[in-house]
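Please read all numbers here as calculations on a predicted model, not as lab measurements. All heavy atoms count here, side chains included; hydrogens, waters and symmetry mates do not. For this chain, numbers begin at 1 and follow the sequence in order.
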Amino acid sequence: MTSPSSAPPPFGRALCAMVTPFTDDGLLDLDGAQVLAERLVAEGCDGLVLSGTTGESPTTSDSEKAALVRAVAEAVGDRAAIVAGVGSFATRHTVETALQAEKAGADGLLVVTPYYSRPPQDAVEAHFLEVADASGLPIALYDIPGRTGTRIEPETMLRLAEHPRIVAVKDCAYDLMGTQKVLSRTDLAYYTGCDEYILAQYAVSGAGYISTVANVVPRQLRAVIDAFDAGDTAGARLLQQQAMELIELMMGSGLPGTVTAKALLGALGLPGGPVRAPLRPAGREATDGLLAAYEAMSRLSPTGADIC
């Protein structure tokens, strides 16, 4: 058994699962991606996760993924970590995409559990180890059984933690008991991928977050963990609570987070563009509700006082 490390998280604490901007005719918008990435880093993001679920990875090509990494790395330089989503349902393809991302300039990899085929745990473990052996980059495992159909069980996670390049987890398993079991016995940096859990998981030694909601309110979410780090637990709690209306509308309304994030980015005049089929854009009523929640949250200062 190893003791949890006090070393800084490998990719920072505040990460945004960035949308992939498209032009009005559905092409990759690299200029827009650079503008959005610049804004996110300026507003407090330590890292940007590209081509994850929020980045519409199932509907972007390998060449688009590589081009996105190159463009964003050029825009932000060494001011933020670039973590490239490379996971797929095929181990060979995942390895190829990992090597491509490394060549394009990524600082780390996000590797999701193979989906649809629902492999047993020994096959899940072998999949991740093959990717980790193939690339020289640090890896974050992406545990999201609600989408993939397969959990990375805590015992599997404990074994995977022994690999020197498997350093982090994006945790969307909704199992705080399992999360704390792994946290207490490994050095893995646990990033919550569930915005409603930012403070809760951070308070039990989580590393931070990989947030979809941060596409639109990066500064406000960063303030939650900054307050906690400063010892202001009451302030951190208030800031998390103030974010909950927008989090619920973006992540719990029945629309995918990609759809709600792009709807709100569009309403704010920021790069995002349309979603790709089979996703469909948010309707006017949903967009108006998102915008109202965003505006209400934006009127509040980091300490919770209304500044209007």
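The cluster map of Ile, Leu, Val, Met, Phe, Trp and Tyr, joined by side-chain heavy atoms under 4.5 Å apart, puts Leu40 and Leu246 in the same cluster. There is a path of hydrophobic side-chain contacts, each under 4.5 Å, that joins Val95 to Val124. Following chains of ILVMFWY side-chain contacts shorter than 4.5 Å, one cannot reach Leu249 starting from Val259, and the two form parts of different hydrophobic clusters. With hydrophobic clusters built from ILVMFWY side chains whose heavy atoms lie under 4.5 angstrom apart, Val167 shares a cluster with Val83. Hydrophobic cluster membership differs between Ile210 and Ile82, with clusters built from Ile, Leu, Val, Met, Phe, Trp and Tyr side chains linked at under 4.5 angstrom.
Counted within 6.0 Å of OH on Tyr115, heavy atoms from surrounding residues, nucleotides or ligands total more than 12; the atom is thus considered enclosed. No more than 12 heavy atoms of other residues, nucleotides or ligands sit less than 6.0 Å from atom CG of Asp24. Other residues, nucleotides and ligands contribute only 12 or fewer heavy atoms inside 6.0 Å of the CD atom of Glu248. At most 12 heavy atoms of other shown residues, nucleotides or ligands fall within 6.0 angstrom of atom CG in Asp78.
Within the 4.5 Å cutoff, the side chain of Met157 has heavy atoms near those of the Leu141 side chain. Pro278 is listed as a side-chain neighbour of Thr59, based on a closest heavy-atom distance under 4.5 Å. In this structure, Thr212 and Thr258 have side chains that are not in contact, with every pair of non-hydrogen atoms separated by 4.5 Å or more. The side-chain heavy atoms of Val69 and Gln100, taken from C-beta on, include no pair separated by under 4.5 Å. With a 4.5 Å cut-off on side-chain heavy atoms, Met18 and Asn215 count as touching. Looking at heavy atoms from C-beta onward, Val182 lies out of side-chain contact with Val169 at the 4.5 angstrom threshold. Looking at heavy atoms from C-beta onward, Thr20 lies out of side-chain contact with Leu50 at the 4.5 angstrom threshold. In this structure the side chain of Leu264 reaches within 4.5 angstrom of the side chain of Leu291, judged on heavy atoms.
In this structure, Ser88 OG and Asp62 CG are separated by 8.5 Å, a value rounded to the nearest 0.5 Å. Taken to the nearest 0.5 Å, the CG atom of Leu15 stands 12.0 Å off from the OG1 atom of Thr192. Atom-to-atom distance recorded for Ile198:CD1 and Met244:CE is 9.5 Å, nearest 0.5 angstrom. Rounding to the nearest 0.5 Å gives a distance of 8.5 Å between CG of Leu158 and CG of Leu188. To the nearest 0.5 Å, atom CG of residue Leu290 and atom CD of residue Glu245 are 10.0 Å apart. Taken to the nearest 0.5 Å, the OG1 atom of Thr54 stands 6.0 Å off from the CE atom of Met251.
Taking each heavy atom of Ala168 and Pro10 in turn, the nearest pair found is CB-CG, 4.2 Å. Nearest heavy-atom pair, Leu183 versus Ser205, reported as atom, atom and distance to 0.1 Å: CD2-O, 3.6 Å. Minimum heavy-atom separation, Val216 to Ala261: CG1-O, 4.2 Å. Of all non-hydrogen atoms in Tyr142 and Thr53, the two that sit nearest each other are OH-OG1, 3.2 Å. Pairing each heavy atom of Ala37 with each of Val72, the nearest pair is CB-CG1, 3.9 Å. Nearest heavy atoms, Arg151 versus Gly178: NH2-CA, 4.5 Å.
Remark: Arg276 engages Glu64 in a salt bridge, criterion side-chain N to carboxylate O under 4.0 Å. One finds a salt bridge joining Glu38 and Arg79 here, because a Lys/Arg side-chain nitrogen approaches an Asp/Glu carboxylate oxygen to under 4.0 Å. A salt bridge links Glu155 with Lys181: the distance from a Lys NZ or Arg NE/NH1/NH2 to an Asp or Glu carboxylate oxygen falls below 4.0 Å.
With Glu153 contributing its side chain and Gln121 its backbone, the two residues share no donor-acceptor pair below 3.5 Å. Panel note: side chain Asp29, backbone Pro21; no donor-acceptor pair is recorded below 3.5 Å. Judged by distance alone, with hydrogens and angles left aside, the side-chain atoms of Tyr209 form a donor-acceptor pair with the main-chain N or O of Arg222 at under 3.5 Å. Put simply, the side chain of Lys65 never gets that close to the backbone of Val86: no donor and acceptor are under 3.5 Å apart. Judged purely by atom type and a 3.5 angstrom limit, Ser184 uses its side chain to pair as donor or acceptor with the backbone of Gln180. In this structure a side-chain-to-backbone donor-acceptor pair under 3.5 Å is missing from Ser135 to Leu99. Judged by distance alone, with hydrogens and angles left aside, the side-chain atoms of Asp288 form no donor-acceptor pair with the main-chain N or O of Glu285 at under 3.5 Å. At distances below 3.5 Å, at least one donor-acceptor pair connects side-chain atoms of Gln240 with backbone N or O atoms of Leu199. Counting only distance, with no hydrogens or angles, the side chain of Lys170 and the backbone of Tyr191 share no donor-acceptor pair below 3.5 Å. Proximity of a side-chain donor or acceptor of Ser253 to a complementary backbone N or O of Met250 within less than 3.5 Å is not detected.
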- Intermediate values then yes/no, side chain to side chain contact (heavy atoms under 4.5 Å, CB included), His163 and Phe128: CA-CA 10 Å; His163 195 288; Phe128 286 126; over 6 Å; no
- Between Thr148 and Thr150, does a side-chain hydrogen bond (donor to acceptor under 3.5 Å, both in side chains) hold up when you go through it step by step? CA-CA 5 Å; Thr148 65; Thr150 303; 5.0 Å; no
- Message: Assess the residue pair Glu130 and Thr91 against the criterion (side-chain hydrogen bond (donor to acceptor under 3.5 Å, both in side chains)); give the C-alpha distance rounded to whole Å, side-chain angles, the decisive distance to 0.1 Å, and a yes or no.
- Response: CA-CA 8 Å; Glu130 186 167 341; Thr91 303; 5.2 Å; no
- Task: Show your reasoning for whether side chain to side chain contact (heavy atoms under 4.5 Å, CB included) applies to Tyr190 and Asp143.
- Result: CA-CA 11 Å; Tyr190 258 73; Asp143 190 14; 5.9 Å; no
- Task: Go through Thr113 and Ile144 one step at a time and tell me if the side chain to side chain contact (heavy atoms under 4.5 Å, CB included) criterion holds.
- Result: CA-CA 8 Å; Thr113 316; Ile144 184 166; over 6 Å; no
- Message: Checking Leu221 against Asp195 for the side chain to side chain contact (heavy atoms under 4.5 Å, CB included) test, could you report, in this order, the C-alpha distance in whole Å, the side-chain angles of both residues, the deciding distance, and whether it holds?
- Response: CA-CA 9 Å; Leu221 294 185; Asp195 289 84; 3.6 Å; yes
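Chaining together hydrophobic side chains whose heavy atoms lie under 4.5 Å apart places Tyr174 alongside Tyr197.
Annotation: side-chain contact (heavy atoms from CB on, under 4.5 Å) contacts of Arg13 (sequence neighbours excluded): Pro9, Asp46, Tyr202, Ile225, Asp229.
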